Asks: 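Provided herewith is a single structure, encoded as structure tokens, for subsequent inquiry.
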Amino acid sequence: MKRILLLLAALLPLTAAAQKAPAEISVISYNIRMMPAEDGTNSWQYRYPCSAMMIEDQKPDIFGLQEAYPEQVRYMEEYTKGYKSVGVGREDGKHEGEHMSIFYNKKTVKLIKWGTYWLSETPDKPSMGWDAACKRTATWALMQHKASGKKFYYVNTHLDHVGKEARQKGLELIVERIASMNPEGYPMVMTGDFNVTPDDPALKSLDAKMKSARRFAAQTDEGITYNAWGKTENAAVIDHIYFSGFSSCPVFEVVTKPYMERKFISDHFPVRAVLVF
């Protein structure tokens, strides 16, 4: 009996520590590279298992995909165990074209509601905005972290690769929508391929409202995110994770780990952050 009491006493500090452990989520932003692209041996048909392997290995609570065609979304849902997604095709608001999908781990995160809008002057219907080369969207979701009960918003987007005004106005629209959708002041996460580097003036409105995980993480990573399949002259930092309302961001990293011995699983490296409520 004395031995049992001693063991219980020894376990009490561990139990107390576990109760005080901060609630946190792991987030990934990943431009998967669209399936129709003719990339030779880097085409989707040769590298497709790597994307699911990366998610299975990194185990994020939630992640945003950019450039995902319907077949790619279906593949990721089938081969990333325990994940489900929301999102629509940017061309018709249903299935056609690239999806800015949000995937979430059903064991750790609960979906409450979600939607999609277009980065344009008419955001509530499929449309192309300003000087953009193609239609662009943002997918949003209100989620709940199951272990802590904490609610948070997630926004995932892909800004235009051509239109400077479209990037600027698109981000301003997202910032406006973020403010209007969140009167309760829940923590927010935003991920995406912004097609701008961290010092671009287009980020001014976003920087005023949210924090860059790359810039504010306690442990950060200065690596490139657009790898251009190894063409170093084109490499750049254009994939971002932003947050607000979280108490801290312990880690930001560029995921450069090879899968199936492929140095590049996409022409973008995934970026990952840990956020503490």
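Just so you know, these numbers use all the heavy atoms, side chains as well, and skip hydrogens, waters and symmetry mates. No experiment lies behind these values; they were computed from the predicted model shown.
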Asks: Can the ring centres of Tyr75 and Tyr48 be said to be less than 6.0 Å apart?
Replies: yes

Asks: Examine Trp118 and Val155 and state if one hydrophobic cluster contains both, with Ile, Leu, Val, Met, Phe, Trp and Tyr joined whenever side-chain heavy atoms are less than 4.5 Å apart.
Replies: no

Asks: Tell me whether Met54 shares a hydrophobic cluster with Phe264, the cluster being built from Ile, Leu, Val, Met, Phe, Trp, Tyr side chains joined at under 4.5 Å.
Replies: no

Asks: Taking the side chain as everything from C-beta on, heavy atoms only, tell me whether Asp193 gets closer than 4.5 Å to His161.
Replies: no

Asks: Counting only heavy atoms not in Lys169 (residues, nucleotides, ligands), do more than 12 fall under 6.0 Å from its NZ?
Replies: no

Asks: Measuring only between side-chain heavy atoms, which start at C-beta, is Pro60 closer than 4.5 Å to Ile55?
Replies: yes

Asks: Any side-chain heavy-atom pair from Tyr154 and Val27 closer than 4.5 angstrom?
Replies: yes

Asks: Test side-chain hydrogen bond (donor to acceptor under 3.5 Å, both in side chains) on Ser205 and Glu172; report intermediate values, then the result.
Replies: CA-CA 6 Å; Ser205 62; Glu172 289 175 0; 5.2 Å; no

Asks: Is it true that atom NZ of Lys164 has more than 12 heavy atoms of other residues, nucleotides or ligands lying nearer than 6.0 Å?
Replies: no

Asks: Please check: side-chain N/O of Gln72 versus main-chain N/O of Met34, any donor-acceptor pairing under 3.5 Å?
Replies: no

Asks: State yes or no: are the ring centers of His145 and Phe152 separated by less than 6.0 Å?
Replies: no

Asks: Do the two ring centres, one from Phe103 and one from Tyr83, sit under 6.0 Å apart?
Replies: no

Asks: Could you tell me whether the side chain of Gln144 reaches within less than 4.5 Å of the side chain of Leu111, counting heavy atoms only?
Replies: no

Asks: Around atom CD of Glu184, are there more than 12 heavy atoms from other residues, nucleotides or ligands closer than 6.0 Å?
Replies: yes

Asks: Could you go through the side-chain contact (heavy atoms from CB on, under 4.5 Å) check for Ser51 and Tyr259 one step at a time?
Replies: CA-CA 8 Å; Ser51 292; Tyr259 294 90; over 6 Å; no

Asks: Can Asp39 and Arg33 be counted as an ion pair, charged N to O under 4.0 angstrom?
Replies: yes

Asks: Between Lys110 and Asp61, does any NZ, NE, NH1 or NH2 come within less than 4.0 Å of an OD or OE carboxylate oxygen?
Replies: no

Asks: Can you name the nearest heavy-atom pair linking Lys151 to Pro187, along with the distance?
Replies: O-CD, 3.3 Å

Asks: Kindly check if the number of other-residue, nucleotide or ligand heavy atoms within 6.0 Å of CD (Glu38) is above 12?
Replies: no

Asks: Can you classify the ring geometry of Phe277 versus Phe246 as parallel (below 30°), tilted (30 to 60°) or perpendicular (above 60°)?
Replies: tilted

Asks: How close do Arg136 and Leu159 get, counting heavy atoms only, and between which atoms?
Replies: CZ-O, 3.6 Å

Asks: Any salt bridge linking Lys257 with Asp57? Criterion: basic side-chain nitrogen under 4.0 Å from a carboxylate oxygen.
Replies: yes

Asks: Counting C-beta onward and ignoring hydrogens, is there a side-chain heavy-atom pair between Pro126 and Arg90 closer than 4.5 Å?
Replies: no

Asks: In terms of hydrophobic clusters joined by side-chain contacts under 4.5 Å, are Ile112 and Ile178 together?
Replies: yes

Asks: Would the Tyr30 and Phe269 ring centres measure less than 6.0 Å apart?
Replies: no

Asks: Please say whether more than 12 non-hydrogen atoms of neighbouring residues, nucleotides or ligands are located less than 6.0 Å from OH in Tyr79.
Replies: no

Asks: Once the angle between the rings of Tyr153 and Trp140 is folded into 0 to 90°, is it parallel (under 30°), tilted (30 to 60°) or perpendicular (over 60°)?
Replies: tilted

